[in-house]
Amino acid sequence: QITGSLIISGSFIPRGPGVSDISNVSIGQNAGPGLGSSGQENVIIGNNAGEQLDDEDYAVLIGSSAGRFIQFSNSGQHNVVIGGLAGRNLKGTLGVGADAIDGNVLIGYGAGYGSVTANTDGVKYNTGIGQKSLEDISGGQGNTTIGYQAGQSITSGDGNIIIGSGSLGSDNPSNQLRIGNGNSIVAISGSLSTGNLLFPNDVTVGGNLNVTGTGIASSNVAIGTTIDTGISLKVDAAGPDDQIAAVLKGRSTSATDYGLLVQNSSATNILMVKNSGVVEVTGTTTLDAVTNDSTVAATKLTGSFTGSFTG
């Protein structure tokens, strides 16, 4: 109990027992007690925070048991671990750089907690923000997760990006993109290795959509309109009456190759247009030719034929 005034002159540098270098800040019971003269520029706050640190530099460990088992692994590790139990079980192997706990940013209660107590495998360059984000991590590298329990199920996967509350991910993915709220419906997923994206439901594009690669649609496609029942592809151009609705351009320059090929449900060719302009129709067919010019009467080609024609 202090009554009256208290005047303290000079400097006050909080350091727990065993923390000798004056550049370290250590507050809390068993906060960084193993830091000797080599560990420098660390901030360790919380009960048992950084309990097994020895020669770590530039670490920030804040929260009860934050980074409790992390130890020096033959390289500067520079981890930022903030939150109760954040990074609690990550340890690494003393003196082995390949098994270091290095360059991680884990923020939130239980973020990067680790599924293996005092885990000796390397965990590097991960960013987990959110309560229990990357909670089961035990050997993964280069993952970025944002949100409550985001990437919680990842143990040793590398290079993943997971965004969304409750988007747990799976046990051992690598180079995957996952954006969604919850684990059952993922709004956007994709491969960070190939650049492929997957959209599990309807996608609406308000502006122009330019596809320069190969587009693969496993469901129905509507352009400029909405899809109707029983139609797989529907194009409805908006704009002036004389606007071209669609242009289909083949990739091959050979006159004998097909620029347009129409097949039925049995994958049988029924309409083929070669790059030379030759149209081939198979089967029994009736063609109607209609013009938009009101001064020209509509014409109709009747009868059945098989083969090709030019026009």
| field | Gap separating the OH atom of Tyr125 from the CG atom of Asp102, nearest 0.5 angstrom | value | 4.5 Å
| said: Among residues at least two apart in sequence or on other chains, which ones pass side-chain hydrogen bond (donor to acceptor under 3.5 Å, both in side chains) with Thr144? | reply: none
| What is the minimum heavy-atom distance between Ala49 and Gly63, and which atoms define it? | CB-O, 3.5 Å
| note | Separation between OG1 (Thr155) and CG (Asp136), nearest 0.5 Å, reads 7.5 Å
| Distance-only, no hydrogens or angles: does the Asn126 side chain make a donor-acceptor pair with backbone N or O of Asn104 under 3.5 Å? | no
| task | Check the pair Ile101 / Asn79 against side chain to side chain contact (heavy atoms under 4.5 Å, CB included), numbers first and verdict last. | result | CA-CA 8 Å; Ile101 309 301; Asn79 297 284; 4.1 Å; yes
| request: Would you please name every residue forming a side-chain hydrogen bond (donor to acceptor under 3.5 Å, both in side chains) with Asp121, sequence neighbours left out? | output: none
| request: Please list, chain by chain and in numerical order, all residues satisfying side-chain contact (heavy atoms from CB on, under 4.5 Å) with Asn47, sequence neighbours excluded. | output: Gln29, Ser64
| request: Indicate if Val25 and Val80 have the same hydrophobic cluster label, given that clusters are the connected sets of ILVMFWY residues with side-chain heavy-atom separations under 4.5 angstrom. | output: yes
Give every donor-acceptor pair under 3.5 Å between a side-chain atom in residues 173-183 and any protein atom, sequence neighbours left out.
| residue | atom | partner | partner atom | Å |
| --- | --- | --- | --- | --- |
| Ser174 | OG | Asp158 | N | 3.3 |
| Asn175 | ND2 | Ser193 | OG | 3.3 |
| Gln176 | NE2 | Ser174 | O | 3.3 |
| Arg178 | NE | Ser167 | OG | 2.9 |
| Arg178 | NH2 | Asn183 | O | 2.9 |
| Arg178 | NH2 | Asn183 | OD1 | 2.7 |
| Asn183 | OD1 | Leu168 | N | 3.1 |
| Asn183 | OD1 | Gly169 | N | 3.3 |

| said: Could you work out, with side-chain contact (heavy atoms from CB on, under 4.5 Å) as the rule, every residue matching Thr268, not counting sequence neighbours? | reply: Asn264, Ser266
| query | Other hydrophobic cluster members with Leu85, side-chain heavy atoms of Ile/Leu/Val/Met/Phe/Trp/Tyr under 4.5 Å, chained? | reply | Tyr109, Tyr113
| said: I'd like to know if the side chain of Thr127 and the backbone of Val105 have a donor-acceptor N/O pair within less than 3.5 Å. | reply: no
| task | Keeping the roles fixed (side chain from Asp57, backbone from Glu41), state whether a donor-acceptor pair exists under 3.5 Å. | result | no
| field | With sequence neighbours excluded, residues passing salt bridge (charged side-chain N to carboxylate O under 4.0 Å, His left out) with Glu51 | value | Arg68
| request: Tell me whether Val43 is reachable from Ile107 by hopping between hydrophobic residues (I, L, V, M, F, W, Y) whose side-chain heavy atoms are closer than 4.5 Å. | output: yes
| field | Hphob cluster co-occupancy, Tyr58 + Ile27, side-chain heavy atoms under 4.5 angstrom | value | no
| task | Verify the cluster assignment for Ile163 and Leu198: are they in a single hydrophobic cluster under the rule of side-chain heavy atoms below 4.5 Å apart? | result | no
| query | Say you draw a straight line from OG of Ser26 to CD1 of Ile44; how long is it, rounded to the nearest 0.5 Å? | reply | 5.5 Å
| Ser191: what forms a side-chain hydrogen bond (donor to acceptor under 3.5 Å, both in side chains) with it, not counting sequence neighbours? | Thr194
| Between Ser138 and Asn119: side-chain donor-acceptor atoms closer than 3.5 Å | no
| Atom pair CG (Leu192) and CG (Leu197), whose distance is rounded to the nearest 0.5 Å | 9.0 Å
| field | Intermediate values then yes/no, side-chain hydrogen bond (donor to acceptor under 3.5 Å, both in side chains), Asn172 and Ser156 | value | CA-CA 6 Å; Asn172 190 24; Ser156 57; 3.1 Å; yes
| message | My understanding is that only residues two or more places apart in sequence, or in another chain, count here; which of them pass side-chain contact (heavy atoms from CB on, under 4.5 Å) with Thr145? | response | Ser133, Leu134, Ala150, Ile162
| query | Roughly how far apart are Gln152 CD and Lys132 NZ, rounded to 0.5 Å? | reply | 6.5 Å
| field | Nearest-0.5 Å distance, CG of residue Leu90 to CD1 of residue Ile137 | value | 8.0 Å
| said: If you compare all heavy atoms of Ala111 against all heavy atoms of Gly130, which two are closest, and at what distance to 0.1 Å? | reply: CB-O, 3.7 Å
| request: Kindly write out the residues that satisfy side-chain hydrogen bond (donor to acceptor under 3.5 Å, both in side chains) with Gln263, not counting sequence neighbours, or none if the list is empty. | output: Asn269
| query | For Gly157 and Ile154, which heavy atoms make the closest approach, and how far apart are they? | reply | N-CG2, 3.7 Å
| By side-chain contact (heavy atoms from CB on, under 4.5 Å), which residues pair with Phe69, not counting sequence neighbours? | Gln52, Arg88, Asn89, Lys91, Thr117, Ala118
